[in-house]
A.B. asks: 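Could you have a look at this structure, given as C-alpha cells, before my questions?
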Amino acid sequence: MSVPEKPALEGLEQKWNARWESQGIYRFDRSRPRDQVYAIDTPPPTVSGSLHVGHVLSYTHTDLIARFQRMLGKEVFYPMGWDDNGLPTERRVQNYFGVRCDPSLPYDASFTPPAQPPKHAISISRPNFIELCAKLTAEDEKAFEHLWRYLGLSVDWSMTYATIGKREQRISQMMFLRLVRRGLAYQLEAPTLWDVDFKTAVAQAELEDREQPGAYHRIHFAKAAGAGSIAIETTRPELIPACVALVAHPDDERYKPLFGSHVTTPLFGARVPVMAHALADPEKGSGIAMICTFGDITDVTWWRELKLPVRAVVQPNGTLGPVTWGTPGWESEDPVRAQQAYDQLAGLSAKKAQAKIVELLRESGDLAGDPKPITHAVKFYEKGDRPLEIITSRQWFIKTIEFREQLLDRGRRLQWHPEYMRARYENWVNGLTGDWCISRQRFFGVPFPVWYPVRADGSIDYGGAIVPDEASLPIDPSTDVPPGYTAAQRGAAGGFVGDPDVMDTWATSSVTPQIVTRWENDSEVFAHTFPMDLRPQAHDIIRTWLFSSVLRAHLENGSLPWAHAAISGFVLDPDRKKMSKSKGNVVTPLGLLQEYGSDGVRYWAARGGPGVDTAFDVGQMKIGRKLAMKLLNVSKFVLAGEQADGEITETLDRGMLMSLAELVDETTRELEQYDYAKALQRVESFFWAFCDNYIEAVKSRRYGDHGPEAAASASTAMRRALSVLLRLLAPYLAFTCEEVWSWWQTGSIHRAPWPTAADALGTTLDDTGERAAYGNLAVGLENIRKAKADLKLSVGTEVQAVRYFGPHGEVEALRHIERDLKSAVRAGSLRLEVGEPSVAVTLKPAEG
RNA sequence: GGGCGGUUAGCUCAGUUGGUAGAGCACCGGCUUUACACGCCGGCUGUCACAGGUUCGAGUCCUGUACCGCCCACCA
C-alpha cells in the first residue's frame, strides 16, 4: 500500500492513459461468446470539423455505460470510428491544397501538392484527390484520438475504423451490390433535390428550412383570344418559361369553368392547360398556381399526377440554360418574342434572372402592381448556401417506402433511452415521401462499384450495368477496369465508363454496425457482436443515421442493428440556445479538460440525463473536481495508519454498511436502465454524508479511543465502504478512482467486479435498528452542531455536556450510537431524552 | 398546422405509486477540526409558468392557455 502524502489530480490523465494502453485494459477479447459481450456502435465523429463540448457530453455518456457494463463482467466491444467521408472533408482539401478533382483524369502516382495552394486550382484525378483527403484526415484523427484518450473514453483503440477506409468501402460496396442484385437498390431518372453550388443531389433527410425574404408577384396569363386574363401569384417568376400548367382546387368555383381550357404564358406565349388538383389551396395567393418543372416539391407531385411534360430551364449549376423557342417542347405563339425575352435570362442565376424577368414583365404589362415582399421558409441543403433547385437527373435509390410498416415495427422493438425519442423516429418514418436517394455527384466518398457499357453510337447503356465480383471489392470505377475490358476502352464506343458518383455519407454511415462487427470479414467477431447492444447518438440525427441504420440492417440482416438506442441531448449555452460555431460560443474541449480535470468534465456530462439538453456550466465541472479531490482525501484518511481487520461489531458501522448495500442495489438498477445521471446523484449524496457524518462520527473510535475491537470495526467498515464507493464512482471519475484503487488494490478498477450488496455487507446482517441509527446520525449531528453554532462555538470545541431532546424514534435510534455521537460533537456527556426537540449545551468551565 | 420535450430558489437541476417543497452553486455568518481551506459548520432563499377540473389533499393526475427548445409538414 502506498498512499501519497499530498494526493493531487494533476497528471492523472497522462499517468493512467499510459498504463491502460500498455496493459490493454480496454482491449476486446474476441473469443468471448455473444451473451458475455456488450457491443457499442460508436458514432464516428466528422474529422474535418472540430470536436466541441457537445461531443464531450455525449461521448462521456457512452463511456459511462461502457465502463459500467465492463465492471458487470461484460466484455465491452467499444471501437472508435472516424467519419472522414463526404463533403466537409472534400471542401477542406480543396482549400487546403488548392486542388480540384477531375474524375476523368488518370491517376498520377508522382503527384505531390505544391507547398502553397496555387491561385488556380490544379486538376487532379479522383485517386489523387482521395490520397490528399486521407493525408489531411489522418492528422485530424490524431488530434481527436488524443482528446478522447484525455477525456478517458475506454475505447479499444486497436479497432479504430474510418468510413473511407478500404475495408469499410468494401463493406459499403458489397452491401450496395447485394441490394442491387435483390432489386432493393435501383437507378432512376427523376426530379431530385439539387444543390447548385455543390452540384449534387441531396436526400430528404439533409434538408433544412431557412427563413428567406421573397416576394409575391402577381402575374397575368392570357386566356384564349381576347377573353381576358387570369392572375396567379408566384415567388419565382423566373420559372415562367418552365411553366407547364396552371392548377386550382377542383371545388373552386372561381376556376371551375376554366378547367380544360388553355392560357398562354406571359412573354413566352406558351400554351398551357388549366387543371384541377386537390393539393391546390384556394386560400393561397389568388387560389390558382402555376406549375413549373420544377419550382418545389409540390410541383413534382402535380407534374407526376397530372402527367405533365417537362420544360426544364434551371441547370445543375443554378443558371438558366439555353432554350430554342419554337422547337418541340418549347412551342410558342410567338417564338421570336419568346426567344428575345428568354435570351436576356439565359446564363443568369435564378436570383438575377428573377430581377430581369420582373423588369420584362413590368414593361410588357403582365405584372400587376409591385411585388409584395414576404418572408417564407425555403428548403436548403443543410450544408448549402443557396436554395435547393429540383433538377432531373439519374440517381441511385434504396427502396424504403414499401418497408414503412416493417420499419415502424423495428422501431417499436428497439429500446429507446429515453423512451419518448421513439416518437421522433415514427414521425420521420410516417412522413417519408420517397425512396432514399443515395448518389451524390461528388468525389470523396465511396464510389458506386458499377460500370456502364458504351454503345457503338457513343451513348451510355445505363440499363446494362457491369458489376464487379465481390472478391475484387473495393473498386473505384473511375480507375479500375471492368472484367473483359482494357483500360484503353474507357469512354470509347463499344467500351465502358465508370459510374461517376459516390454514395451519400449516410449510405456509408448507415452500415457502421456491419463495419465495426466485421460483417463478411471476420465471422468470429461478427458472431460475437451482432446485433449490437447499443447505439448512442444525438437526437438530431434520428432521421438520418439511426433511421438509415435500421433500414440497412433490416434489408441486409433481417434484424435490428442493436437492442438499445441511447439518445443524448445538446449542450446549451447560458441563453438556452444550442451551442454552435456560428454563434461563436464554442469553447475548446481540451482546455476544459485541462482546467477542470477530465473527471470534473465527466462529472458535468454525467449530470445531464439521457436525452436532456444540458446547460454548459463550468460551475458543475468545478463541483466534479471537488468531488474527485474529496475522494482522494477521504481515501487517504481511510487507508492511513494501522489496517487492523476485524469484526464489524459497532452499530453505526453496521448501519452504514446496510445503507450502502441498499445504495448499491438502487444504483445498479438505475445504471441498468441507462439512467447514469440519477445513479450519480444517489452515490454522490451518500458519499458526502459518508464523509461529513459517518467518518466524523467514527474518527475518535478509529483512533483507538474506545479500544482495539471498536477501532478495527470502524477501519474494516470504512475500507469496505471505500472499496464499494470507489467502484460505484469508477465509471464517472475514471481517473481518480483508478488512482485511489492503485494505492491498495491490484489490477485496474475498471476490470474490477461491479459491487454487490453482499460486498457491502460481508455476511448478511439482520437489521436490529442499525439502519435507523445510521439514518438518524445526520439529523442528530445537525441539531447538536446547530446548537453549538448558535453559541458561536466551533465544531471542534469541547463542551461539558449536551442534553438532547427529540421524538421517540429519533432518540431511540441515536441511543444505539450514543458513544460515536458523543465523540463526534466533543461532548463530555450526552443525554438523549424524548421531548420537545431542543438541544442544550453546557460549556466547560473556564480554566484558571 | 401536427408531434415530442421543457417551464420548481438568483443559477444548474432533483422531486419515485398524489400526503408538510429538495440538493449543489451563489449569497450571508462562523471555524487552524491531527483526510481535505480544491476544506468544515450554520443560515437566508419558492404564488412549483398560468387558468380550470378531479380529490379530504395536486409540483405530481385530467383539460385548456402561454412561453422556450427540437422534429415534421406547409412553401403558388
A.B. asks: Say we look at B:G10 and B:C44: how far apart would their P atoms be, to the nearest angstrom?
C.D. replies: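 B:G10 and B:C44 have their P atoms separated by 15 Å.
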
A.B. asks: Please confirm whether the shortest side-chain N or O distance from A:K678 to OP1 or OP2 of B:G15 is below 4.0 Å.
C.D. replies: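 Answer yes for this pair, as a side-chain N or O of A:K678 is under 4.0 Å from OP1 or OP2.
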
A.B. asks: Would you please indicate yes or no on a ring centroid separation below 6.0 angstrom for A:W416 and A:Y425?
C.D. replies: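 Between A:W416 and A:Y425, which both carry aromatic rings, the centre distance is below 6.0 Å.
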
A.B. asks: Nearest whole Å is fine: how far is B:C40 P from A:L627 CG?
C.D. replies: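 Nearest whole value for this atom pair: 11 Å.
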
A.B. asks: Tell me which nucleotide, if any, is Watson-Crick or G-U wobble paired with B:U54 when both distances must be under 3.5 Å.
C.D. replies: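 The base-pairing partner of B:U54, which may sit in any strand shown, does not exist here.
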
A.B. asks: May I have the distance from A:R826 (atom CZ) to B:C31 (atom P), rounded to whole angstrom?
C.D. replies: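 Value for this atom pair: 16 Å.
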
A.B. asks: May I ask which nucleotide in the shown strands pairs with B:C74, Watson-Crick or G-U wobble, both distances under 3.5 Å?
C.D. replies: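 Across any shown strand, B:C74 pairs with none.
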
A.B. asks: Look at all strands and tell whether A:N427 reaches a base, only sugar-phosphate, or nothing, counting heavy atoms closer than 4.0 Å.
C.D. replies: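 Base contact.
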
A.B. asks: Side chain of A:R424, heavy atoms from C-beta onward: which of B:A35, B:C71, B:A37 has the nearest atom to it?
C.D. replies: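 Ranking B:A35, B:C71, B:A37 by closest atom to the A:R424 side chain puts B:C71 first.
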
A.B. asks: State whether A:E696 and A:K699 are salt-bridged, where the test is any N-O pair (Lys NZ or Arg NE/NH1/NH2 against Asp/Glu carboxylate O) under 4.0 Å.
C.D. replies: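 Salt bridge between A:E696 and A:K699, a charged N being under 4.0 Å from a carboxylate O: yes.
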
A.B. asks: Contact class for A:K626 (heavy atom, under 4.0 Å): base, sugar-phosphate, or nothing?
C.D. replies: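 Sugar-phosphate contact only - A:K626 comes under 4.0 Å of backbone atoms but never of a base.
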
A.B. asks: Quantified in whole Å, what is the C1' atom distance between nucleotide B:G6 and nucleotide B:U12?
C.D. replies: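 To the nearest whole Å, 15 Å.
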
A.B. asks: Could you tell me whether A:E389 and A:R236 make a salt bridge, using a distance below 4.0 angstrom between a side-chain N and a carboxylate O?
C.D. replies: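 Salt bridge flag = yes for A:R236 with A:E389.
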
A.B. asks: Can you tell me how far P in B:G19 sits from the matching atom in B:C61, rounded to whole Å?
C.D. replies: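 About 11 Å, rounded to a whole number of Å.
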
A.B. asks: Taking a pair as Watson-Crick or G-U wobble with both distances under 3.5 Å, which nucleotide is matched to B:A9?
C.D. replies: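 The base-pairing partner of B:A9, which may sit in any strand shown, does not exist here.
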
A.B. asks: A:A423 has a side chain; which of B:G3, B:A14, B:A35 sits nearest to it?
C.D. replies: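 Nucleotide nearest to A:A423's side chain: B:G3.
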
A.B. asks: Using the C1' atom on both, measure B:U45 against B:A21 and round to a whole Å.
C.D. replies: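 After rounding to an integer number of Å, I get 13 Å for this pair.
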
A.B. asks: Hey, is the side chain of A:K792 poking within less than 4.0 Å of OP1 or OP2 on B:C41, counting only N and O atoms?
C.D. replies: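 Negative; the distance criterion is not met.
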
A.B. asks: For B:A35, take OP1 and OP2 only and decide whether either is under 4.0 Å from a side-chain N or O of A:K699.
C.D. replies: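 Indeed, a polar side-chain atom of A:K699 lies that close.
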
A.B. asks: Using a heavy-atom cut-off of under 4.0 Å over every strand shown, decide if A:L631 touches base, sugar-phosphate, or nothing.
C.D. replies: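 Contact class for A:L631: none.
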
A.B. asks: In this structure, how many angstroms lie between the P atom of B:C41 and the CG atom of A:L793, rounded?
C.D. replies: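 The answer, rounded to whole Å, is 16 Å.
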
A.B. asks: Tell me the partner of B:U16, counting only Watson-Crick (N1-N3 plus N6-O4 or O6-N4) or G-U wobble (N1-O2 and O6-N3) with both under 3.5 Å; none if nothing fits.
C.D. replies: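 The base-pairing partner of B:U16, which may sit in any strand shown, does not exist here.
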
A.B. asks: Side chain of A:K630 only, please: which of B:G42, B:G24, B:G39 is the nearest?
C.D. replies: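 From the listed options, B:G39 comes nearest.
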
A.B. asks: So that I can tick it off, tell me whether A:R625 and A:D599 are bridged by a salt bridge, with the cut-off set at under 4.0 angstrom between side-chain N and carboxylate O.
C.D. replies: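 Salt bridge absent between A:D599 and A:R625.
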
A.B. asks: Looking only at side-chain N and O atoms, does A:E684 offer a donor or acceptor that is under 3.5 Å from a partner on A:Y603?
C.D. replies: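 A donor-acceptor contact under 3.5 Å links the two side chains.
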
A.B. asks: Taking the same atom, P, in B:G43 and in B:A23, what whole-Å distance lies between them?
C.D. replies: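 After rounding to an integer number of Å, I get 10 Å for this pair.
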
A.B. asks: Say we look at B:C11 and B:G53: how far apart would their C1' atoms be, to the nearest angstrom?
C.D. replies: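 The same atom, C1', in both gives a distance of 34 Å.
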
A.B. asks: On a plain distance test, is the side chain of A:E696 in donor-acceptor contact with the base of B:A35 below 3.5 Å?
C.D. replies: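 For A:E696, whose side chain was compared with the base of B:A35, there is a donor-acceptor pair (under 3.5 Å).
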
A.B. asks: Without decimals, in angstroms, what is the distance between A:E684 CD and B:G22 P?
C.D. replies: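 Rounding to the nearest Å, CD of A:E684 and P of B:G22 are 19 Å apart.
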
A.B. asks: Check for me whether the distance between the ring centres of A:H61 and A:Y674 falls short of 6.0 Å.
C.D. replies: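 Centroid separation for A:H61 and A:Y674: 6.0 Å or greater.
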
A.B. asks: Watson-Crick or G-U wobble partner for B:G46, using a 3.5 Å limit on both distances?
C.D. replies: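 Pairing partner: none.
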
A.B. asks: Please identify which of these residues, A:L258, A:I288, A:T265, meets the side chain to side chain contact (heavy atoms under 4.5 Å, CB included) condition with A:L246.
C.D. replies: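 Result: among A:L258, A:I288, A:T265, A:I288 is the only option passing the side chain to side chain contact (heavy atoms under 4.5 Å, CB included) with A:L246.
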
A.B. asks: Applying the Watson-Crick and G-U wobble criteria at under 3.5 Å, what pairs with B:U60? Answer none if nothing qualifies.
C.D. replies: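 The base-pairing partner of B:U60, which may sit in any strand shown, does not exist here.
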
A.B. asks: Which nucleotide, in any strand shown, forms a Watson-Crick or G-U wobble pair with B:C4, with both distances under 3.5 Å?
C.D. replies: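 Pairing partner: B:G69.
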
A.B. asks: To the side chain of A:Q620, which of B:G24, B:A35, B:A37 is closest?
C.D. replies: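 Looking only at heavy atoms from C-beta outward on A:Q620, the closest nucleotide is B:G24.
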
A.B. asks: Relative to the ring of A:F686, is the ring of A:F690 parallel (under 30°), tilted (30 to 60°) or perpendicular (over 60°)?
C.D. replies: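 It falls in the parallel class, under 30°.
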
A.B. asks: How many whole angstroms separate atom CH2 of A:W416 from atom P of B:G3?
C.D. replies: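 Answer to the nearest Å: 19 Å.
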
A.B. asks: What contact category does A:W604 fall into here, base, sugar-phosphate, or nothing, at under 4.0 angstrom with non-hydrogen atoms?
C.D. replies: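 Touches nothing.
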
A.B. asks: Would you kindly give the CZ-to-C1' distance between A:F616 and B:C25, to the nearest whole Å?
C.D. replies: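 Result: 15 Å.
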
A.B. asks: Kindly point out which of B:U12, B:G43, B:A37 is positioned nearest to the side chain of A:R607?
C.D. replies: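 So the nucleotide nearest the side chain must be B:U12.
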
A.B. asks: Scan side-chain atoms only and decide if A:D653 and A:Y694 contain a donor-acceptor pair under the 3.5 Å cut-off.
C.D. replies: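 The answer is yes; a qualifying pair exists.
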
A.B. asks: When all nucleic acid strands are considered with a 4.0 Å heavy-atom cut-off, which category describes A:A677: base, sugar-phosphate, or nothing?
C.D. replies: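 Answer is nothing: A:A677 stays at 4.0 Å or more from every strand.
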
A.B. asks: Take atom P in B:U60 and the same atom in B:U8, then report the distance between them in whole Å.
C.D. replies: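 The same atom, P, in both gives a distance of 14 Å.
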
A.B. asks: Please report, rounded to the nearest Å, how far the P atom of B:C25 is from the OH atom of A:Y596.
C.D. replies: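 My rounded result for the distance is 16 Å.
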
A.B. asks: In terms of side-chain heavy atoms of A:N633, which of B:G43, B:C36, B:C70 is nearest?
C.D. replies: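 Closest nucleotide to the A:N633 side chain: B:C36.
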
A.B. asks: Have a look at A:M629 and say if it touches a base, only the backbone sugar-phosphate, or nothing, with a 4.0 Å heavy-atom cut-off.
C.D. replies: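 Result for A:M629 = base.
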
A.B. asks: Regarding A:S286, tell me which of base, sugar-phosphate or nothing describes its non-hydrogen contacts under 4.0 Å with the strands shown.
C.D. replies: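 Here A:S286 touches no strand at all.
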
A.B. asks: On RNA chain B, check which nucleotide each of A:I623 and A:P282 is closest to and give me the residue with the more 5' one.
C.D. replies: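 By nearest-heavy-atom nucleotide position, the 5'-most residue is A:I623.
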
A.B. asks: What is the distance from CG of A:D692 to C1' of B:C38, rounded to the nearest Å?
C.D. replies: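 Spelled out: CG on A:D692 to C1' on B:C38 is 14 Å.
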
A.B. asks: Here's a test of your reading of the structure: between A:L279 and A:V612, which maps to the more 5' nucleotide of RNA chain B?
C.D. replies: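 On the 5' side of the pair lies A:V612.
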
A.B. asks: Distance check, P atoms only: B:C48 and B:U20, in whole angstrom units.
C.D. replies: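 Result for the P pair: 16 Å, nearest Å.
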
A.B. asks: Over all strands shown, is A:C292 touching base, sugar-phosphate only, or nothing at heavy-atom distances under 4.0 angstrom?
C.D. replies: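 Since no nucleic acid heavy atom lies under 4.0 Å of A:C292, the category is nothing.
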
